[in-house]
Amino acid sequence: MPSTTSKFEPSAAWRWLWLTLFAAAPAFAQSSSEHDRLEHITVTANRRVQNTQNTAASVSVVSGAQLAARNVHDVFGLQFLTPSLQVTPQFGSGQPAFTIRGVGFNDYASDNASTVSISIDEVAQPIPFATNGLIFDVSRVEVLRGPQGTLYGRNSTGGAINYVLNHPTEKREAKLSFQYGRFGSIVTDGVVSGHVLNHLNMRLSAQSQQGGAWQDGDGGARLGMTDRTAARWISDLTLDDSATITLDLHGSHDRSDAQGLHLFTPLTTLASASNGSVFPADSNRDATHWGTSTSFARLAGINPMQKPFHHIDSGGANLRLEKTLPFGSLTDLVSFDAANRREYDNFDGSSAALADVAFNTRANSFANELRLKSHDDRPLTWIGGIYYAHQYLADQYLSGFAQSFGINRSVAYRQNVNTVSGFGQLRYQITRKLALTGGFRIEHESRVLQDFAAYNYLPSGVITNPGNIVGRRSLNYTKPSGKFELDYHPVEHDMIYASVSRGIKSGGFTTYNTVAARASTDPFRPEELWAYELGNKAEFPSAHLRLNVSAFYYDYHNEQIQSAVVNPSTGLIGAIVNAPKSHVAGGEFEAQWSPLPHLLLTQSGGWAVGQFDRFSSVFATQRVNGVYVPIVRNRRGDSLPAPKLTFNGSATYSWNIGRYILRSGINYSLRSTYHSLFGNLYDVAGYTLVGANASFGPRSGLWSIAAFGNNILNKRYDVERNFFVNGDNIALAGLPATWGARVSLSF
């Protein structure tokens, strides 16, 4: 359905209002008859292909070409291309934590869902550690901000990240690229695509990442090497004019190092021991240390000086059947994915055996989504579907505390999650300028924790608490979510929208070390978020300017927070708890402007301020008459742990040199300081990163050479600060300056 009907440009007053707010564009404006210099971007955020400017939601789109130019090959680099997004590896582990607009969930355990749903070609990826994979052969990445659920199989409170893959082409083609960069990093990509048999097209793509160790360990050893390979095979079979089948087979093999931590204050955990030793703080953020006790090494199946590593193997298949009907289209999407993780991390940032961890995890998920949607050329369009998913997880989590507590610990459990939901959304074009959208979802989830055992081991291997077992814990809920939205086109090339939505995030269980298994595994409840958003998306063709702005307010209930509880007989227990009420408010903008031919400027920014309104957390205990009682702190007014400000920008210029094109660009990304829930010592200081890129090749695209530089000013910064045992304050450093060159060929 056309999004606007007006035949005229925005009034001069309207145009000058926006331009005065965000740039003096008219001073450089080109003739309206000049060819449009801004790329028209389409998204499938609403399960329909449409222009982003007609999508009444806050969504950023990053193309595959942008990812390549900026050297982004995994999820962590996405945050430097979109506003309000933060991605951090928990304690340097292989598990990413996502935050959008201050809504996030920090958890290094394997069993709980993220606030941000991740999907690849509409297939949800519910296993957190399996989302740290390669980004390759991607058409685009869509980052949606705010609660999702009325159109997707999985529900979320923070937002969604959707990877849209390249699919088989009718024309036969092949592509190969080779990249070499600082620290000996090598990235190799290959694609073969085209027509194979009658009605059958196929595409095979693969990527390999090797090298890149950048952290300095003891004795000249290096840490941070990447060793990952992934491949995907997609086949599209056309049965007839109305039916197609798509099969996607994929797998990845990861044998990379983990990221090391550095000490940002002297390590004093051992100061009270007989040797009274104190490890000095690291003066170099690239420094790191590792090592563990022989008893923990024996328990984890490693040697005591083993480099930290995360070895993750994953693979799966999904089958999509699409049938065009007289009134719409029917889609059945069936998927199965499995992942195994074997990981060893040094959480103390030292060669002492204070806080070492290891994971041995197996997980798989099966899902089936059946949906029916109307054709797009009607005043009333609709979509409805049902979704079922089963997720299985078997996890062993080991902790080495030989020198800090004189013991090692083991946590082992199994978890089954069954999710059933029904969802639907209607959109009615009330007038040629005004449309109303309403969506609803009802979801039932059953989460069962089984055979949870948390043992303490003496260095000799003897278990001291064999009875610390919980046979079964369960958490069931049935909750609705929904969306109500109005979008209005006052003039051509301009849309105003307002929306109210409600999102749900699954509850779960804390699966950390504990001496009181029953108390520790009390389930935490699902969190709920009401989101109110107002936005405007405007284009000024004569000025070659696109400007999108939005403001939002989140009413947050039962937010899931990493904290602690108290067991009367054993004392303090680390746990995920619910903060009864909090809120987040803020705004965003994204702008693209081409003031001169061949010159493109982009700028985006996000501002989000979140606070607890009602929350008292446990931070210590005292013993009264032989019973531990909590000492609590009122957290009302305390900031949520996420950057308040995020800015990203770039400038790109293209030169036409006969049959060739030379492109060059510069970019930056800024994150403000954000405050930790554990005190000012753990605040993460803000930073700004600057990058550059260039490419040269013929217009035909037969070949190209390119170069990139990230963090070219070599900014030294941390992305996370935390502690695992008292007196051991550790930080995870961001990457120093990196650069490289890439050669690409097309056949």
Side-chain angles (χ1 to χ4, degrees), residues 89 91-94 180-186 209-228 254-271 273-311 342-359 398-404 408 459 711 714 716-725 727-738:
F91 288 97
S93 70
Y180 183 81
R182 191 184 181 197
F183 305 116
S185 63
I186 297 173
Q209 294 182 19
Q210 305 295 323
W214 59 276
Q215 294 181 296
D216 302 317
D218 298 325
R222 305 280 285 178
L223 189 66
M225 182 196 71
T226 300
D227 179 4
R228 297 193 289 189
D254 189 342
R255 291 298 179 268
S256 302
D257 292 346
Q259 292 191 52
L261 306 171
H262 67 91
L263 299 168
F264 69 88
T265 67
L267 190 157
T268 60
T269 306
L270 297 176
S274 57
N275 59 9
S277 59
V278 175
F279 285 70
D282 290 311
S283 58
N284 178 9
R285 277 189 168 90
D286 294 350
T288 189
H289 317 274
W290 61 83
T292 189
S293 65
T294 55
S295 60
F296 182 73
R298 185 169 55 251
L299 188 65
I302 60 175
N303 77 63
M305 291 308 296
Q306 169 72 54
K307 278 187 178 182
F309 62 84
H310 55 76
H311 296 173
R342 187 165 182 266
E343 182 168 342
Y344 161 60
D345 297 301
N346 186 288
F347 280 7
D348 55 53
S350 76
S351 57
L354 300 175
D356 304 307
V357 302
F359 295 92
L398 305 170
S399 297
F401 298 129
Q403 287 184 267
S404 49
N408 298 307
N711 189 14
N714 204 31
R716 319 304 282 177
Y717 65 102
D718 292 332
V719 297
E720 183 182 6
R721 287 191 166 191
N722 215 320
F723 70 97
F724 209 68
V725 294
D728 185 9
N729 299 317
I730 47 87
L732 176 63
L735 275 170
T738 57

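Residue numbers start at 1 and run along the sequence shown. What you see is a predicted model; the values in this text were computed from it and never measured.
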Report task. Report yes if the side chains of Arg721 and Ile730 come closer than 4.5 Å at any heavy-atom pair, otherwise no. Result -> no
Query raised in the report: Between Glu720 and Phe91, is there a donor-acceptor pair closer than 3.5 Å when you use the side chain of the first and the backbone of the second?
Result: yes
Report task. Check for a donor-acceptor pair, side chain of Asp728 on one end and backbone N or O of Leu267 on the other, with a separation under 3.5 Å. Result -> no
Query raised in the report: Backbone N or O of Gly260 within a donor-acceptor pair of the Gln215 side chain at under 3.5 Å?
Result: yes
**Report entry** Nearest heavy-atom neighbours spanning Val725 and Phe401
**Finding:** CG1-CE2, 4.0 Å
Query raised in the report: Looking at Asp348, Leu354, Val357, Asn346, which hits side-chain contact (heavy atoms from CB on, under 4.5 Å) with Phe724?
Result: Val357
Query raised in the report: Which value, rounded to the nearest 0.5 Å, describes the distance between Phe264 atom CZ and Asn722 atom CG?
Result: 8.5 Å
Query - Residue pair Asp718 / Arg285, side-chain heavy-atom distance below 4.5 Å - result: yes
Query raised in the report: Under the 3.5 angstrom rule, does the side chain of Asn714 hit a backbone N or O of Ala737 as a donor-acceptor pair?
Result: yes
Report task. Please check if the side chain of Arg228 supplies one atom and the backbone of Ser256 the other of a donor-acceptor pair under 3.5 Å. Result -> no
Query - Heavy-atom closest contact (Val278 atom, Pro266 atom, distance) - result: CG1-CB, 4.0 Å
Report task. Look only at the side chain of Asn303 and the backbone of Gln306, and say whether a donor-acceptor pair between them is shorter than 3.5 Å. Result -> yes
Requested in this report: Indicate whether any N or O donor in one side chain lies under 3.5 Å from an N or O acceptor in the other, for Asp227 and Gln210.
Outcome: yes
**Report entry** Heavy-atom donor-acceptor pair, Ser351 side chain to Trp290 backbone, under 3.5 Å
**Finding:** no
Query raised in the report: Side chain of Thr288, backbone of Leu261: donor and acceptor closer than 3.5 Å?
Result: yes
Query raised in the report: Pro459: what forms a side chain to side chain contact (heavy atoms under 4.5 Å, CB included) with it, not counting sequence neighbours?
Result: Ser295
